[in-house]
Amino acid sequence: MTRNRWSLLALQLLVAVVLIGLWHVGATVKWNLPSLSAKPFYVLDPFFFSTPGAVFARTWADFYSGAIWYHLGITLLETLLAFFIGAAGGVLIGFWFARKAVLAAVFDPYVKMANALPRVVLAPIFALWLGLGIWSKVALGVTLVFFIVFFNVYQGVKEVSPTLLANARMLGMSERQLMRHVFWPSALTWMFSSLHTAVGFALVGAVVGEYLGSAAGLGYRIHQAEGVFDVTGVFSGMLVLSIFVILIDTLVSAIEKRLLVWRPAPATAQ
Amino acid sequence: MSPVVNAIRTQADAAPCAVSLEGVRIAFPNAKPGGAPFIAVDQASLDIADGEFVAIVGPTGCGKSTLLNATAGLLTPAFGRVSIFGEPLSGLNRKAGYLFQAEALFPWKTAVENVAIGLDIVGTPKDEARAEARKWLARVGLSAFADRYPHMLSGGQRKRVGLAQVLIRHPKILLMDEPFGPLDAQTRQIMGNLLLDLWSADRKAVLFVTHDLEEAIALADRVVIMGAGPAARIIGEWRVPIPRPRDIDVRLDPVFHQLHREIWAALKEEVVKGYKQSESAEQGA
């Protein structure tokens, strides 16, 4: 098992080394092939593709000088706010709709309509309403997170096993106790199972919002770099963003593992 | 009739009826609007004395579980009366514990939490409820598994937890819907013995639904046969004059065989009828 894990890790690293190596060679070695081009040329022109060395150097410098921390902090704050507000709204409304069939039926077409709308088009509206600060990004993230959590919680409450419910009733539970011991845990389970997606979407909302108009954050950094043809800056921003996402995802996995101990392990072998 | 049968009968007649069904009809609304309602059970009358163990046997789909649900108060009969200790039942049957056929444990609670829940919800202090739950887990032989979640237990172990979950509340009436149905034959016999042990310690009225005639005879004081549905009726009942305590060897008893032959003769016809009806229903659909 452990041996497998190490060899897997080695293979994963190999992929990174090969890709970065190809990039490095393509962007630093000049080819002289008169049959293709009169002048010597790079396969990957560093003006458009930068070089791995430059990107790592820039990323390191940003972290070292501390310039990036502020932007990372802003993006993290927006992501967290979007996640918690969206999740709270999704849980409450999902719960409410699942328990009141009439309400769900009345709002059904509107929920579908709102969910079908590509959320990016809302970004300018939110910027107009809430300004260029963090709240317009939070709002964008909330519209993404809300629907994921809402649908999951709605499903979770609706799909409580009728036997479990009958058993709870026969054990003497009141309506309130049913909520606490049956519906609530079931809804939370479904919410947690969508945790990865929800957190991911909160981040997407934040970064897209920043990209479309702001004065801080990772999306803003990438947009700035793009505006001055600073490809190194763009790649460096993407690198930071990826590392950030992986860290958050690891954290979510750890939380999930703790909260859902009672669930059977997925059938797929790791 | 043997003296044992008479002894049981006299005892049963003297005690107040734990459950009394009188001319119960249970109907379900038709899925098609305007269609006639589907009558699952009709004219069902059955008395269960306090402390009596009654098994209902019938072909698949005859409405055994429906009758059980009516006794539990989960279904309301269209006609007839359900009385519990002489009082007409309205709403859920608070005197009854119900062991379901399907999985009914709370998957997010450990075994001990699942058992303790019945006490938790009536406000028993947490420590006390846990201690009592552990006692019950010990009684069903699961002391070592108290902190496991249901998915970590085998099917038989889950049934044991379910049994403890129901019994910890000391219900006056125990309703069981093919509780050991999904288990393998050996586990079923062991569970049957466990049930008899627990029951003999504190005799409750038991209504036990099963499709397994052997299981019914081995466990019950009285076996009730239901005919094939729809509009299934109770078509016969037999007392089981095998003395208690019974153990696993009861199936070797000559009385057991005699009774099995007799009841099976009546049941066989209904089972065949039941299959024919379900087949024609499939063709009609």
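To find a chain, count down the sequence lines: A is the first, B the second, and so on, and within it residues start at 1.
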Original post:
Side chain, backbone, both or neither: which part of B/Phe100 has a heavy atom under 4.5 Å from chain A?
Top reply: side chain

Subject >> Check against ring-ring contact (aromatic ring centres under 6.0 Å, His included), A/Phe150 and A/Phe97 >> reply: CA-CA 9 Å; A/Phe150 167 81; A/Phe97 274 30; 5.6 Å; yes

**OP:** State whether the side chain of B/Ser20 and the backbone N or O of B/Cys17 hold a donor-acceptor pair below 3.5 Å, judged by distance alone.
**Re:** no

**OP:** Spell out, as yes or no, whether a donor-acceptor pair under 3.5 Å connects the side chain of B/Arg25 to the backbone of B/Ala78.
**Re:** no

Original post:
For the residue pair A/Leu178 and A/Ala168, what are the closest heavy atoms and their distance?
Top reply: CD2-CB, 3.5 Å

Original post:
Have B/Tyr98 and B/Asn93 got a donor and an acceptor in their side chains that come within less than 3.5 Å?
Top reply: no

Original post:
For residues A/Glu210 and A/Thr75, is any side-chain donor paired with an opposing acceptor at under 3.5 Å?
Top reply: yes

Original post:
How about A/Trp190 and A/Phe151: are their ring centres within less than 6.0 Å of each other?
Top reply: no

Subject >> Residues B/Glu178 and B/Arg188 bridged, charged N to O under 4.0 Å >> reply: no

**OP:** Run the salt-bridge test on B/Glu22 and B/Arg81 with the 4.0 Å N-O cut-off and return the result as yes or no.
**Re:** yes

Original post:
Would you call the rings of B/Phe208 and B/Phe53 parallel, tilted or perpendicular if under 30° counts as parallel and over 60° as perpendicular?
Top reply: tilted

Subject >> Close contacts, residues 103-110 of chain B versus chain A, judged by heavy atoms under 4.5 Å >> reply: B/Glu103, B/Ala104, B/Leu105, B/Phe106, B/Pro107, B/Trp108, B/Lys109

Original post:
Using non-hydrogen atoms and a limit below 4.5 Å, what part of residues 114-139 of chain B faces chain A?
Top reply: B/Ile117, B/Ile121

Subject >> Check against side chain to side chain donor-acceptor pair (under 3.5 Å), B/Asp184 and B/Thr187 >> reply: CA-CA 5 Å; B/Asp184 64 79; B/Thr187 315; 2.7 Å; yes

Original post:
Which bit of A/Ser174 is near chain B, if near means a heavy-atom gap under 4.5 Å: side chain, backbone, both or neither?
Top reply: neither

**OP:** Please determine, among A/Thr189, A/Val182, A/Leu188, the option with the most heavy-atom pairs under 4.5 Å with chain B.
**Re:** A/Val182

**OP:** Name the option with the most non-hydrogen atom pairs under 4.5 Å to chain A; the candidates are B/Pro150, B/Pro171, B/Ala72, B/Gly97.
**Re:** B/Ala72

